[in-house]
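So that the names make sense, note that chain A is the first sequence line, chain B the second, and so on, each numbered from 1.
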Amino acid sequence: MRAALAAVGLAVCSQLAHGDEIPRLTFAQLVDSIRANFEVTQTIKSYNGKEVEIQGFIIPAGPPDLSFFLLSRVSAMGNYCCEVPVGQDETVYVYAPKGTKILYDPLRVYKVRGAFEAGLHTDRTYGVSLYRLRDARVEEAAGAKIFKDR
Amino acid sequence: MTVLTVALKYLRGRLVASALTSLSVALGISLVIASVLLSRGIQQGFIEGTTDYSLLVGAKGSPTQLVLNVVFRMDLPTPNISYSTYQDLQNDPRVEVAVPVAMGDAYQGFRYVATTADYFAPFQWRRKTFAIADGRFFRADAREQPAYEAVLGADAARRTGLRVGDRFHEGEEMAEYPLTVVGILRSTNSADDRTIFFSLATYWEMNEVSRKMKIKPLTAVLVRPKRMSDLPGLHRGLNVVVETQGVFPSAVLLNIFNILSMVDEVVAIMLAAVILVVLLYLFVSMYSATLERKREIATMRALGARRATILEIVLLESCALTVIGGALGIAGGHGVAYVGASMLAGRAGPVGNLFVVGSLEPVVFGGAIALGALAGLLPAVLAYRTEVAENLAPLS
């Protein structure tokens with residue numbers, strides 16, 4: 001009886017832990033999901049509206065309060081180790097609430113979480129994009145201080 | 001007579017000491033408020049005053065110098081780039097708008113900026129809007145026939161006293177090329193308010209060196225891409241060549257904010273030390289007052305006052321000192337911040353609106369009261385434990 005209760009408890013806990021996990025999308029997945037006709041695959045579209053995590057370099061293409069920025073697989077600055085992203089499928093447009101305050105480092109990978117959107121969309125201010133993260137927050141970067149108090 | 005009335009009577013009883021204690025609390029609080037407001041205001045000033053363009057192209061050198069000079073009219077201009085850089089960007093299929101900018105000298109400290117009508121154009125994506133308060137924009141003059149027409153930013157017009165129709169020049173060298181004011185801009189709350197604008201043709205003709213140059217010089221080009229996702233490629237292309245650098249203005253500002261945050265941390269440590277000194281001063285003041293008052297407290301106790309009432313009176317007295325000091329400090333801090341901001345603005349420093357209603361003031365005020373309670377706690381306990389028999393003994 002005790003063993004059965006423990007098994008049920010364990011199952012419930014693992015379900016909760018699994019339920020709390022936020023799926024992580026990689027740039028490789030995003031690039032691979034584009035078909036020849038520039039349509040996004042259903043697999044990636046199934047994440048629409050869901051909270052996901054994407055890790056990448058921050059390119060501050062918007063205002064310095066980081067209410068908008070680009071997330072890229074390659075740093076735009078630094079010693080130019082790699083080819084820069086050229087297509088829309090290689091860059092994620094990130095919309096963050098005003099006041100996202102980080103110690104910005106162009107050479108550091110940041111973990112960004114937000115509501116994912118896939119598919120062509122035109123924004124009045126920032127133009128056409130393929131992938132977006134809305135209500136995003138910068139979660140962490142290894143060794144960097146993240147302010148969340150504003 | 002309520003507990004509060006007794007506490008206030010006690011404060012009035014030692015008016016000078018109470019006033020000095022409140023003043024020290026006020027000074028500590030005003031330091032906290034002023035430094036937080038100014039730090040926030042400077043950062044906000046940079047955010048509000050920045051350009052709407054995502055990329056700034058200039059000569060190789062310091063990105064910070066390029067952004068501070070071209071966007072905020074601070075520092076000296078970076079070396080020139082050639083006009084062909086602008087033409088190449090204009091013809092680049094990835095570029096939606098490219099705006100040439102040439103930084104000149106100044107009139108009474110207000111920088112000359114030569115540009116085209118695109119600088120003032122109301123694109124759909126722009127936050128900043130330019131509007132003429134008086135007169136008109138300068139004409140798009142031909143290179144061979146410069147019009148020498150100038151449009152003044154709101155502050156530049158107000159502080160120089162120049163009006164539409166006035167002619168001006170700085171230094172006898174420029175007497176040959178006087179500019180005529182044709183328009184005055186409405187305030188944009190940015191460095192453009194402190195700028196004197198005219199056309200590139202006017203700039204090239206006024207400048208002895210550029211007059212003779214076949215390919216005309218520029219200081220920078222402001223770039224807006226058609227798609228934001230093209231920015232990394234544009235940026236990289238401009239940086240791998242030897243003549244130019246591409247800079248994200250926001251990246252430079254974020255680096256400046258990083259440096260400011262380090263200064264903020266040092267200031268926070270100093271402010272914590274100030275608050276500690278104020279707390280100690282308050283404690284000493286309340287402690288000595290309680291010691292002096294032991295006989296009075298014993299009398300009150302003998303007349304039926306409960307120990308808890310005595311504790312309450314001392315705590316209220318201490319809190320009242322911080323309430324008065326806190327209120328004065330918040331008002332004083334705003335005053336100091338206002339004076340500091342005015343001085344910064346006078347030296348062309350970007351300062352945003354300091355008086356946005358936020359959580360700072362209530363938090364500081366609440367914190368001050370909590371400090372008052374903390375500083376008064378030990379004296380209150382001392383008063384609470386005052387023995388009637390011991391302290392009501394005859395004085396002689």
Value for CG (A/Leu70) from CE (B/Met228), rounded to nearest 0.5 Å, stands at 7.5 Å

Between OG of A/Ser67 and CD1 of B/Ile47, what distance do you get to the nearest 0.5 Å?
-> 8.5 Å

Does B/Ser229 offer a backbone N or O that forms a donor-acceptor pair with the side chain of A/Tyr93 under 3.5 Å?
-> yes

Filtered by a 4.5 Å non-hydrogen cutoff, the part of residues 242-250 of chain B contacting chain A is B/Phe248, B/Ser250

Distance col, row B/Ile259:CD1 vs A/Leu103:CG, nearest 0.5 angstrom, shows 11.0 Å

May I have all residue pairs that pass salt bridge (Lys or Arg N to Asp or Glu O under 4.0 Å) and include part of residues 49-67 of chain B, sequence neighbours excluded?
-> B/Asp52-B/Arg126, B/Asp52-B/Arg127

Greatest number of non-hydrogen atom pairs under 4.5 angstrom with chain A, of B/Trp125, B/Tyr53, B/Phe46, falls to B/Trp125

When you look at CG of B/Asp118, are more than 12 heavy atoms from neighbouring residues, nucleotides or ligands closer to it than 6.0 Å?
-> yes

Let me know if A/Thr125 has heavy atoms under 4.5 Å from chain B in its side chain, its backbone, both or neither.
-> both

Apply salt bridge (charged side-chain N to carboxylate O under 4.0 Å, His left out) to A/Arg137 and list each qualifying residue two or more places apart in sequence or on a separate chain.
-> A/Glu51, A/Glu139

Please state whether the side chain, the backbone, both or neither of B/Asn258 comes within less than 4.5 Å of a heavy atom of chain A.
-> both

Residues at least two apart in sequence or cross-chain that pass salt bridge (charged side-chain N to carboxylate O under 4.0 Å, His left out) with B/Arg111, listed by chain then number, are none

Between B/Gln43 and A/Lys101, the two heavy atoms sitting closest are NE2-CE, 4.0 Å

Rounded to the nearest 0.5 Å, the CG atom of A/Asp65 sits from the CD atom of B/Gln44 at a distance of 7.5 Å

Nearest heavy-atom neighbours spanning B/Leu254 and A/Pro64 | CD2-O, 3.4 Å

Heavy-atom pair with the smallest gap, counting every atom of B/Arg236 and A/Ser75 | NH2-O, 3.8 Å

